[in-house]
Novice: 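Here it is, the structure, as structure tokens.
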Amino acid sequence: MALYRRIPGAIAVITLTNPPVNALSCTVREAIYETVKRATADQEVKAIVLCGANGKFCGGADIKEFSREMRGPPLVPMIDMIEESEKPVVAVIEGVAFGGGLELALGCHYRIAHSGAQVGLTEVTLGLLPAAGGTQRLPRLIGVPAALDIITTGRHVSAQEAVRLGIVDKVTDSSAMEEAIEFAKTVAGEPMGPRRLSLWTAACPEDLDSLLEGALVRIRQRSRGALAPVACVQAVRAAASLPFAQGMKKEQELMAYLFTSGQARAMQYCFFTQRAAARWTTPSGASWENTKARPVRQAAVIGLGTMGKGIAVSLSRAGIPVIAVETEQKRLKAGRKAVNSMLTRESQKRGLAEAHLGSISFTLDLRKLRDTDLVIEAVFEDMALKKQIFSKLSSVCRPDALLCTNTSGLNIDEIASAASRPELVVGTHFFAPAHVMKLLEVVCGPRTSPVAVATAMQLAKRLEKIGVVVGNCSGFVGNRMMRPYTEQAYYLLEEGARPEEVDLVLEEFGFAMGIFRVMDLSGLDVGWRSRKELGLTGPKLPPGTEARSRGGKRYSPLPDILCESGRLGQKTGRGWYLYEKERVATPDPWLQSFLEDYRSRFGIQSRRVGQDEILERCLYSLINEGFRILQEGIAASPEDIDVIYVSGYGWPRHRGGPMFYAWMVGLPKVLDKLEHYHRTHPDIPNLAPSSMLRKLVARGSPPVHQWRALIQQHSSQL
Ligand SMILES: C/C=C(\C)C(=O)SCCNC(=O)CCNC(=O)[C@H](O)C(C)(C)COP(=O)(O)OP(=O)(O)OC[C@H]1O[C@@H](n2cnc3c(N)ncnc32)[C@H](O)[C@@H]1OP(=O)(O)O
């Protein structure tokens, strides 16, 4: 709702009241209409102040209403009505003014912000555009180039930048409300015509076309295939070239097109699932609601390799004092240098005068961890080494210290078996670079206690990461699903495709990089080491093993051959591609002839592999593994899998995540295709449709949010 009160000085104050973010729900819009009409009709009122309750102006339209039938007054005429008011309307921007919230403020005649506030036209992140006049008013207010950037990225703009750009008229460190009331008194009675943005002309550069072209190129690089940012560019073009009324018409047309698109639905799904991941539960009945996290006042990181360094920086940035431990003086020194320079760079980027250098201490002595609340072990993926460390930690650390292992797939239960308190052992799978990537898989072993899960999830929040609770199995959720995906990519090469063909299809789908470019970036030795550990290649392989078969299943030795011949990817200048210029991948003629020789050596008839087949075999095998994960209870819900993929594996947000995508494509189609590919490749068991997929199809393919209830009938590993 919106509360109305009259205060001395002939001011009407309208307060949006809809916790937690004062979203513009149907009731709020109705109340705004009513209260603005009341204020404009009241002879005693000379100016109107519009604010939000609880220190937040407005989080925009109520996103939950997008999936329901539209009720109540629309935003556009409501904002027009405010702009048309003869009495000045002053918006008080505290906390946030996002999306429709900022558009509402742009309809006001003045905007006064608190210094801690943020503004933004965030609709593009929900697959939409600012369709309450934002695409037309913002360019008129701050010019086309700045507005184009804000509208197409949806980025959050600080109050300081907002005043510099002219989005707000004033920023204050003290009470924005008091400032606005005093200001409103000074402008009462003035003509408001010059303050109506709809009457302004957008300042436009001469080379508008090249500005817009440049924006489209950046959009394609950032989010290939996404419709909303492209529509945003078209709407801004309209603001630059058409009168306001026609621009608004264009805005509405583009919005109608986006609103019904699957992409908007997918991105709104991502918005809610990301928040829902924090509300974890386990089948034992433990949950975020009934389990209290332990406070973490001091943490330690063991191992200052790539992951350890990033984790230490993340902890320090969150204000948690860290003890960083290494085994050798030389490594400690190198680690200290790298961490300090990462922190300095971070501080410079954030415009801080000093880095948090003081909050990390470096030591070779494990005994220094005796008072630590939480330890994150981040050494190599070596089970024996990890177990040794956990055994030592058990004797060094306090009995209630949480012991975390950063592993991308090792058995948490086995690691925990080396600790005297296995219930306090939890997996924390960070993603590289750990100080940048948002995802944290919180892995529960069978003995992990609810308090350990709660503490790790609380830590994720403090580190500004998205924690997702998963069960213990090889590769957990994310990496386990990657295996069939990468395997299909190798098989496609064996059958006739080229790396660049496979990558192009995946990039057209929306991944920032195709799988072969990803492997070249992370290094072919990473996968090779883990295959060696699993006995799929290397000395553990029994003599006489067939090159292209392991345990009766198809196997591709292609990545092993490349790796063993020194083609490790970008770091050696060649992998699946050639890197003559740093980081620029070019198709390698050598690889082409190598693949031809390989095919003839193994009697493989090369064929042209179509784009649909590439996409379906890669994605559906990954999705199929997702269904198996659900069936085994390794993930609590399809939503959790989708959050993992969108926030940790570059799955395009506008496709919602693998499980959501499967539902959008149609589960019967996914099932049908998997059956087809499995019939053609019976030696690839991953292609055999999972029983969970079959069950969902048999139940009429219910929407994703209904799957959880069906899954709960199965066993859970969480
Ligand atoms: C056309 C389209 C128009 C005109 C639009 O306006 S589209 C909406 C544009 N608005 C946004 O994009 C803002 C979205 N919200 C946020 O970015 C953040 O929620 C926040 C910065 C406003 C607050 O962040 P924080 O304090 O961390 O809190 P949460 O993100 O956890 O949110 C708390 C709960 O509020 C729900 N929420 C937030 N915004 C909206 C909204 N606009 N409509 C409906 N519900 C909203 C959010 O989902 C959280 O609830 P739960 O999901 O946890 O139940």
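Note that ligands are numbered from 1 as they come in the structure, with each ligand's atoms numbered from 1 the same way. Just so it is clear, the structure is predicted and the values come from calculations on it, not from any experiment.
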Novice: How far is atom 2 (C) of ligand 1 from its nearest protein heavy atom, and which residue and atom is that?
Specialist: Glu123 CG, 3.4 Å
Novice: Looking at atom 27 (O) of ligand 1, would you say a protein heavy atom lies below 4.0 Å from it?
Specialist: no
Novice: Does ligand 1 come near enough to Thr125 that some N or O of the ligand is less than 3.5 Å from an N or O of the residue?
Specialist: no
Novice: Check whether the side chains of Ser359 and Ser316 place a donor and an acceptor atom closer than 3.5 Å, and report yes or no.
Specialist: yes
Novice: Calculate, to the nearest 0.5 Å, the distance between atoms CG and CZ belonging to Asn18 and Arg29 respectively.
Specialist: 11.0 Å
Novice: Out of all atoms in ligand 1, which are within 4.0 Å of some heavy atom of Phe272? Include the element for each.
Specialist: 48 (O), 52 (O)
Novice: Which of the numbered atoms in ligand 1 are below 4.0 angstrom from a heavy atom of Pro20?
Specialist: 33 (C), 34 (C), 35 (O)
Novice: Test of understanding: given a 4.0 Å heavy-atom threshold, classify the contact between Gln274 and ligand 1 as side chain, backbone, both, or neither.
Specialist: neither
Novice: Quick one: do Val76 and Gln252 satisfy side chain to side chain contact (heavy atoms under 4.5 Å, CB included)? Show the steps, please.
Specialist: CA-CA 10 Å; Val76 170; Gln252 292 309 305; 3.7 Å; yes
Novice: Which bit of Ala61 is near ligand 1, meaning a heavy atom under 4.0 Å away: side chain, backbone, both or neither?
Specialist: both
Novice: Can you tell me if Leu24 has a non-hydrogen atom under 4.0 Å from ligand 1?
Specialist: no
Novice: Assign the ring pair Phe627 / Trp707 to parallel, tilted or perpendicular, where the plane angle (0 to 90°) is split at 30° and 60°.
Specialist: tilted
Novice: Would you give the length of the straight line joining atom OG1 of Thr35 to atom CZ of Arg5, rounded to the nearest 0.5 angstrom?
Specialist: 12.5 Å
Novice: Is it the case that ligand 1 has an N or O less than 3.5 angstrom from some N or O of Leu129?
Specialist: no
Novice: Can you find a non-hydrogen atom of Arg279 under 4.0 Å from ligand 1?
Specialist: yes
Novice: Please tell me if atom 20 (C) of ligand 1 is touched by the protein, where touching means a protein heavy-atom distance below 4.0 Å.
Specialist: no
Novice: At what distance, to the nearest 0.5 angstrom, does CD1 of Ile151 lie from CG of Leu129?
Specialist: 9.0 Å
Novice: Is there a protein heavy atom less than 4.0 Å away from atom 48 (O) of ligand 1?
Specialist: yes
Novice: Identify, by atom number and element, the atoms of ligand 1 in contact range of Glu103, meaning under 4.0 Å from any of its heavy atoms.
Specialist: 4 (C)
Novice: Please report the interatomic distance CE(Met481) to CD1(Ile623), rounded to the nearest 0.5 Å.
Specialist: 7.5 Å
Novice: My question is simple, although I want it checked carefully: is atom 15 (N) of ligand 1 less than 4.0 angstrom from any protein heavy atom?
Specialist: yes
Novice: Any heavy atom of His156 closer to ligand 1 than 4.0 angstrom?
Specialist: no
Novice: Using a strict 4.0 Å cut-off to heavy atoms of Gly100, name the atoms of ligand 1 that fall inside it.
Specialist: 4 (C), 5 (C), 6 (O)
Novice: Where is the tightest heavy-atom contact between Val468 and Ala277, given as atom of each residue plus distance?
Specialist: CG2-CB, 4.2 Å
Novice: Compare Leu258, Val76, Asp62, Val21 and give the one whose heavy atom is closest to atom 39 (N) of ligand 1.
Specialist: Val21
Novice: Would you mind listing which atoms of ligand 1 come within a distance below 4.0 Å of any non-hydrogen atom of Gly59?
Specialist: 9 (C), 10 (N), 11 (C), 13 (C), 42 (N)
Novice: Could an N or O of ligand 1 be found under 3.5 Å from any N or O of Phe271, whether backbone or side chain?
Specialist: no
Novice: Look only at interatomic distance and state if Phe98 has a nitrogen or oxygen under 3.5 Å from any nitrogen or oxygen of ligand 1.
Specialist: no
Novice: If you apply the rule side chain to side chain contact (heavy atoms under 4.5 Å, CB included), what do you find for Ser314 with Lys465, and how did you get there?
Specialist: CA-CA 10 Å; Ser314 276; Lys465 296 199 183 291; 3.8 Å; yes
Novice: Among all protein heavy atoms, pick out the one at the shortest distance from atom 29 (P) of ligand 1; state its residue, atom name and that distance to 0.1 Å.
Specialist: Arg275 NE, 3.5 Å
Novice: Which residue holds the protein heavy atom closest to atom 43 (N) of ligand 1, what is that atom called, and what is the gap in Å?
Specialist: Ile63 N, 2.9 Å
Novice: Quick one: does atom 34 (C) of ligand 1 have a protein heavy atom under 4.0 Å from it?
Specialist: yes
Novice: Ignoring hydrogens and angles, tell me if any N or O in the side chain of Asp640 forms a donor-acceptor pair with the backbone of Val470 under 3.5 Å.
Specialist: no
Novice: On a heavy-atom basis, which atom in Pro638 and which in Leu630 lie closest, and how many Å separate them?
Specialist: N-CD2, 3.6 Å
Novice: Classify the ring geometry between Phe509 and Phe511 as parallel (under 30°), tilted (30 to 60°) or perpendicular (over 60°).
Specialist: tilted
Novice: For atom 7 (S) of ligand 1, is some protein heavy-atom partner under 4.0 Å away?
Specialist: yes
Novice: Looking at every non-hydrogen atom in both residues, tell me the closest pair between Ala146 and Leu165 and how far apart they are.
Specialist: CB-CD2, 4.0 Å
Novice: With a cut-off of 4.0 Å, which atoms of ligand 1 are near a heavy atom of Gly99?
Specialist: 6 (O), 9 (C)
Novice: State whether any protein heavy atom lies less than 4.0 Å from atom 31 (O) of ligand 1.
Specialist: yes
Novice: Between Thr15 and Thr17, does any side-chain donor sit less than 3.5 Å from a side-chain acceptor?
Specialist: no
Novice: Minimum heavy-atom separation for Cys444 to Val469, with atom names?
Specialist: SG-CG1, 3.6 Å
Novice: Side-chain donor-acceptor pair under 3.5 Å between Ser198 and Glu83, yes or no?
Specialist: yes
Novice: Looking only at distance, does Thr122 have an N or O less than 3.5 Å from an N or O of ligand 1?
Specialist: yes
Novice: Quick check on Met255 - does any of its heavy atoms sit under 4.0 Å from an atom of ligand 1?
Specialist: yes
Novice: Under a 4.0 angstrom heavy-atom cut-off, which atoms of ligand 1 come close to Gly60?
Specialist: 6 (O)
Novice: Taking the six-membered ring where the residue is Trp, are the ring centres of His705 and Tyr269 under 6.0 Å apart?
Specialist: no
